[in-house]
Amino acid sequence: FIFSCSEVPKKKITETVVEKEVLIPDSLLGKDLEGNAILVGKISYAQMEKFSQAWFTPDYDRYKVNASLLEQIKPLLNGKKVNLLMGTWCEDSQREVPGMMKILAAAGYAVNELEIIAVDEDKRTPSGIEKPFAATYVPALIFYSEGQEMNRIVEFPIGTLEEDIFAILSGEDYKHAYAE
């Protein structure tokens with residue numbers, strides 16, 4: 001078949017989707033001890049996802065959420081605030097953050113509104129915004145209710161991520177790996 005331009009069937013355009021480009025400003029870029037680029041400072045979920053896509057996306061896709069615990073977590077997340085301190089350079093963050101994000105997203109938490117602070121290898125940011133969180137290990141997934149910290153998962157879960165999140169949100173006596 002040969003068509004002239006006037007003979008090509010016209011497609012009906014019903015919707016145009018334009019993806020918003022995710023920008024990572026130079027102010028958020030730092031270097032690790034080996035000179036590799038890292039994110040440092042308050043970052044968005046989209047910036048973290050874009051910058052870390054080599055490890056984030058495959059592990060996010062691979063993570064299987066525990067559906068029965070998820071149903072118990074969903075109502076407990078209502079009205080809660082969640083912060084995440086992480087290092088894009090950190091193997092523990094690379095291992096745990098994709099699962100953390102998948103659970104929160106599956107539970108209906110607005111991950112795009114999540115406050116994420118990316119720290120350097122000394123657990124610092126140029127502006128010092130990490131100081132109130134007193135994180136000596138990352139990742140640290142911190143849960144708040146009515147402005148008060150409930151508890152946090154630090155570096156790795158004690159059980160599974162879902163079990164630890166449920167324990168924190170339900171008010172169980174949960175102790176993270178470095179709690180005294």
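The chain is numbered in sequence order, starting from 1. What's counted below: heavy atoms across the whole structure, side chains too, no hydrogens, waters or symmetry copies.
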Asker: Filter on salt bridge (Lys or Arg N to Asp or Glu O under 4.0 Å), then keep only pairs touching residues 139-155, sequence neighbours left out; what's left?
Answerer: E149-R152
Asker: Looking only at heavy atoms, which two atoms of Y45 and V111 are closest? And how far apart?
Answerer: CB-O, 3.4 Å
Asker: Under the rule for salt bridge (charged side-chain N to carboxylate O under 4.0 Å, His left out), what residues qualify as partners of D164, not counting sequence neighbours?
Answerer: none
Asker: Listing request: all salt bridge (Lys or Arg N to Asp or Glu O under 4.0 Å) pairs with a residue in residues 128-138, at least two apart in sequence or in separate chains.
Answerer: none
Asker: Mind listing the closest non-hydrogen atom pair of V138 and G87 along with its distance?
Answerer: CG2-N, 3.9 Å
Asker: For A107 and I73, work out which heavy atoms get closest and say how close.
Answerer: CB-CG2, 4.3 Å
Asker: Please list all pairs meeting ring-ring contact (aromatic ring centres under 6.0 Å, His included) that have one or both residues in residues 59-110, counting only residues at least two apart or in different chains.
Answerer: F56-Y60
Asker: With a 4.5 Å limit on heavy-atom distance, are the side chains of L84 and V97 in contact?
Answerer: yes
Asker: To the nearest 0.5 Å, how far apart are CG in L161 and CE in M101?
Answerer: 9.5 Å
Asker: About how many Å separate CG of D120 and OG1 of T88, when rounded to the nearest 0.5 Å?
Answerer: 10.0 Å
Asker: Any side-chain heavy-atom pair from E163 and L69 closer than 4.5 angstrom?
Answerer: yes
Asker: Could I get the full list of salt bridge (charged side-chain N to carboxylate O under 4.0 Å, His left out) partners for E71, not counting sequence neighbours?
Answerer: K74
Asker: Starting at CD1 of I153, measure out to CD1 of I168 and round the result to the nearest 0.5 Å.
Answerer: 4.5 Å
Asker: List in chain and number order the residues that pass side chain to side chain donor-acceptor pair (under 3.5 Å) with Q47, two or more places apart in sequence or in another chain; answer none if no residue qualifies.
Answerer: S44
Asker: Can you pull the ring-ring contact (aromatic ring centres under 6.0 Å, His included) pairs that have at least one residue in residues 156-180, sequence neighbours excluded?
Answerer: Y137-Y178
Asker: Are Y144 and L77 connected, step by step, through hydrophobic side chains (Ile, Leu, Val, Met, Phe, Trp, Tyr) whose heavy atoms are closer than 4.5 Å?
Answerer: no
Asker: Output all residues satisfying salt bridge (charged side-chain N to carboxylate O under 4.0 Å, His left out) with D32, sequence neighbours left out; order by chain, then residue number.
Answerer: none
Asker: Excluding sequence neighbours, so at least two apart, what forms side-chain contact (heavy atoms from CB on, under 4.5 Å) with D61?
Answerer: T57
Asker: If you look only at pairs with a residue in residues 171-180, which of them pass as a salt bridge (Lys or Arg N to Asp or Glu O under 4.0 Å), with sequence neighbours excluded?
Answerer: none
Asker: Taking a hydrophobic cluster as the set of Ile, Leu, Val, Met, Phe, Trp and Tyr residues connected by side-chain heavy atoms closer than 4.5 Å, whether directly or through intermediates, do L114 and I103 fall within one such cluster?
Answerer: yes
Asker: Assigning hydrophobic clusters by single linkage (Ile, Leu, Val, Met, Phe, Trp, Tyr; side-chain heavy-atom cutoff under 4.5 Å), is L104 placed with I142?
Answerer: no
Asker: Can you pull out every salt bridge (Lys or Arg N to Asp or Glu O under 4.0 Å) where at least one residue sits in residues 92-112? Sequence neighbours excluded, please.
Answerer: D92-R95
Asker: Please name the pair of heavy atoms, one in I158 and one in A177, separated by the smallest distance, quoted to 0.1 Å.
Answerer: CD1-N, 3.6 Å
Asker: Pick out which of V119, L39, I43, L28 makes a side-chain contact (heavy atoms from CB on, under 4.5 Å) with T125.
Answerer: V119
Asker: Looking at every heavy atom in both I38 and F51, which two are closest together, and how far apart are they?
Answerer: CA-CZ, 3.7 Å
Asker: Between M86 and V82, is there shared hydrophobic-cluster membership here, with clusters defined by ILVMFWY side-chain heavy atoms closer than 4.5 Å?
Answerer: yes
Asker: Show your working on side-chain contact (heavy atoms from CB on, under 4.5 Å) between I24 and L29 and close with a plain yes or no.
Answerer: CA-CA 8 Å; I24 300 175; L29 293 174; 3.9 Å; yes
Asker: Tell me if a side-chain donor or acceptor on K123 pairs with a main-chain N or O of E121 at a distance below 3.5 Å.
Answerer: yes
Asker: Kindly determine whether Q72 and L76 satisfy side-chain contact (heavy atoms from CB on, under 4.5 Å), including the steps that lead there.
Answerer: CA-CA 7 Å; Q72 296 175 60; L76 298 175; 5.5 Å; no
Asker: Should L70 and F143 be counted in the same cluster of Ile, Leu, Val, Met, Phe, Trp and Tyr side chains packed under 4.5 Å apart?
Answerer: yes
Asker: So how far is it from N151 CG to S145 OG, rounded to the nearest 0.5 Å?
Answerer: 12.5 Å
Asker: Checking K42 now: which residues fulfil salt bridge (charged side-chain N to carboxylate O under 4.0 Å, His left out) with it, not counting sequence neighbours?
Answerer: E115
Asker: In this structure, are over 12 heavy atoms from other groups packed under 6.0 Å from E34 atom CD?
Answerer: yes
Asker: Taking all atoms of both residues into account, what is the closest heavy-atom pair of P58 and A54, and its distance?
Answerer: CG-O, 3.4 Å
